[in-house]
Amino acid sequence: MAREKFREAVFSRDRHACVMCHARNLPLDAHHITDRNLMPSGGYVKENGITLCDSPTGCHNKAESFHRGEEVPEGFMPADLYKKIGSSYEKALEASKRLK
């Protein structure tokens with residue numbers, strides 16, 4: 001799934017709102033829950049994506065703290081994010097493998 005299709009699928013599933021704070025009036029990002037470099041085919045599957053608001057203090061920045069090796073705010077660990085969208089690392093991995 002190309003990057004644009006990934007974004008469209010994630011935004012559509014999440015109704016074009018941040019899954020964490022429900023913001024609609026901020027820029028949004030289709031965040032890769034597991035780093036795309038660690039998944040087959042770049043992890044460009046909706047099972048590995050979540051819509052997060054994208055501002056310097058927004059939810060996307062909080063989720064990225066995990067990838068930066070920083071302290072992760074409560075509720076923003078990858079397992080928490082997967083749970084919010086009804087997915088898991090295993091589901092995302094299997095969906096990514098099917099893209100090959």
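A distance of 12.0 Å separates CD1 of I33 from NZ of K84, quoted to the nearest 0.5 Å. Between R36 atom CZ and Y44 atom OH the span is 4.5 Å, to the nearest 0.5 Å. Annotation: the span from S96 atom OG to K91 atom NZ amounts to 14.0 Å, rounded to 0.5 Å. How far CG of L28 is from CZ of F11: 5.5 Å, rounded to the nearest 0.5 Å.
Residues F76 and E64 fail the side-chain proximity criterion, which asks for heavy atoms closer than 4.5 Å.
A side-chain donor-acceptor contact under 3.5 Å links N48 and Y82.
Nearest approach of R13 to G49, heavy atoms of both residues: NH2-O, 2.6 Å. Here the shortest heavy-atom pairing between M39 and Y89 reads CE-CE1, 3.5 Å. Residues K62 and T57 share a closest heavy-atom pair of CE-O, 3.7 Å.
Within 6.0 Å of atom CD in E70, more than 12 heavy atoms from other residues, nucleotides or ligands are found, so the atom counts as buried in its surroundings.
We find that K97 and E94 are joined by a salt bridge, their nearest charged nitrogen and carboxylate oxygen being less than 4.0 Å apart.
Residues F66 and L81 share a hydrophobic cluster, clusters being chains of Ile/Leu/Val/Met/Phe/Trp/Tyr side chains in contact below 4.5 Å. In this structure, L93 is not a member of the same hydrophobic cluster as F6, with clusters built from ILVMFWY side-chain heavy atoms closer than 4.5 Å.
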N/O donor to acceptor pairs below 3.5 angstrom from side-chain atoms of residues 15-22, sequence neighbours left out:
none

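In this structure, the side chain of N61 engages the main chain of P56 through a donor-acceptor pair within 3.5 Å. Under the 3.5 Å distance criterion, the side-chain polar atoms of D29 are left unmatched by any main-chain donor or acceptor of H60.
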Show your working on side chain to side chain contact (heavy atoms under 4.5 Å, CB included) between V72 and D80 and close with a plain yes or no.
-> CA-CA 11 Å; V72 180; D80 300 323; over 6 Å; no

H31 and H67: CA distance, side-chain angles, deciding distance, side chain to side chain contact (heavy atoms under 4.5 Å, CB included) verdict | CA-CA 11 Å; H31 172 72; H67 299 294; 3.7 Å; yes

Passes side chain to side chain contact (heavy atoms under 4.5 Å, CB included), H32 versus V10? Steps please.
-> CA-CA 10 Å; H32 284 85; V10 171; over 6 Å; no

